[in-house]
Amino acid sequence: MSKSKVLNLKDKISGKEADLSLCNLSEVPVKELASFPKATVLDLSCNNIISLPPEFCNLTHLVKLDLSKNQLTCLPDDLGNLISLQHLDLYNNKLMVLPVSFSQLRNLKWLDLKDNPLEPGLAKAAGDCLDEKQCKQCASKVLQHMRAIQEDVDRAREKRLLREKELEKKKEAKQREREAREREARKREKAEEKEKRRKEYNAQVAALAVQEQQKKKNEEKKKKNGQAAENKKALVEPPPKPRRSLIGLMFKLLLLLTLGLVGVAAACRLTDLQKEDVCVPINTAVNDCLSWAKVQEGAARQLLQNLSSAAKELLESMQTSKN
């Protein structure tokens, strides 16, 4: 609202009363009225007001309110905040019901609801309100009626809250059950996985034990086979230790004797001892051996020539047979 209108509103306030009737208002100047807290009596009758804004319920200083002969179809839900209100005129509007918070107007002493299309229960409680006494009775009975409705609303709200709490509890219980099942499932899966790993470990250990046992058996078998072979060899070929020692001794003696004879023969043949009587038979024997060796050498050569001729004839016959 502009400044000029604020001044006009100030002009309409006289003491504790603000007279805004017959101003052709369609809206209530709530902000401007809030700036005059001493104006406890407000007359808004004979206007075109269809509804009151929620901020109107902040005018808690109001004691008397006249809203008669308007076009009100409903009242704000928080109308009960007007705790100082004692006189309320709602004559000739289009109200069917009152807000539940109406029951909080504990200081209300006078009420007029004539010429409103009230619902049957509210109309019965309101009565005719044709004089001061009836309007006071209207205020009392309507407050009782609205308190009963408030109680019903409270009970319904409590039931709804209880039902919501029960639903929430059931929901939480289901959630806990689901979580418990999930925990149990995870626990069971872990136990199964652990059991699986344990079985695999035991199987590996058993396999290693079998391999080790088999290895030991194979080693024992090889050992036994080796021992048996050694025993068999020992039984089949006993070591002729004494015989070997005797043959070696005889070979050594023969070698020494041969060397001695060769040495004696060389001494008698190559030294000045060849003229001695002792060396004469020795030299004779050496000469006979040399002659015999020459004869044998000739025989050996003849034998080799004969063998060579026979080998050539054999090769020629083999080649002829192949051709």
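Keep in mind the model is a prediction, meaning the values are calculated, not measured.
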Inset, instruction - Keeping the roles fixed (side chain from Asp43, backbone from Ser45), state whether a donor-acceptor pair exists under 3.5 Å. - result: yes
Legend entry - Within one Ile-Leu-Val-Met-Phe-Trp-Tyr cluster: Leu122 and Val153, side-chain cutoff 4.5 Å: yes
Legend entry - Arg106 atom CZ, over 12 foreign heavy atoms within 6.0 Å: no
Legend entry - Backbone N/O of Asn93 and side chain of Asn116: donor-acceptor pair under 3.5 Å: yes
Legend entry - Side-chain (Asn70) to main-chain (Leu44) donor-acceptor, under 3.5 angstrom: yes
Inset, instruction - Verify, without hydrogens or angle tests, whether Ser26 (side chain) and Asn48 (backbone) share a donor-acceptor contact under 3.5 angstrom. - result: no
Inset, instruction - Establish whether Leu65 and Ile13 are linked, either directly or via other cluster members, by ILVMFWY side-chain heavy-atom contacts under 4.5 Å. - result: yes
Legend entry - SB check Asp112 Lys114 (cutoff 4.0 Å): yes
Legend entry - Backbone of Val28 reached by a side-chain donor or acceptor of Asn47 within 3.5 Å: no
Legend entry - Leu25 reachable from Leu67 in the ILVMFWY side-chain graph, under 4.5 Å edges: yes
Inset, instruction - Check whether the side chains of Lys64 and Gln86 place a donor and an acceptor atom closer than 3.5 Å, and report yes or no. - result: no
Legend entry - Lys217 with Glu220: basic N within carboxylate O range, under 4.0 Å: no
Inset, instruction - Give a yes or no on this: more than 12 heavy atoms of other residues, nucleotides or ligands lie within 6.0 Å of atom CD1 of Ile50. - result: no
Inset, instruction - Please step through side-chain contact (heavy atoms from CB on, under 4.5 Å) for the pair Leu33 and Leu62, ending with a clear verdict. - result: CA-CA 10 Å; Leu33 290 171; Leu62 295 178; over 6 Å; no
Legend entry - Heavy-atom neighbours of Asp77 CG exceed 12 at 6.0 Å: no
Legend entry - CD/Glu168: more than 12 non-hydrogen atoms of other groups inside 6.0 Å: yes
Inset, instruction - Find out if the SG atoms belonging to Cys135 and Cys129 lie under 2.5 Å from one another. - result: yes
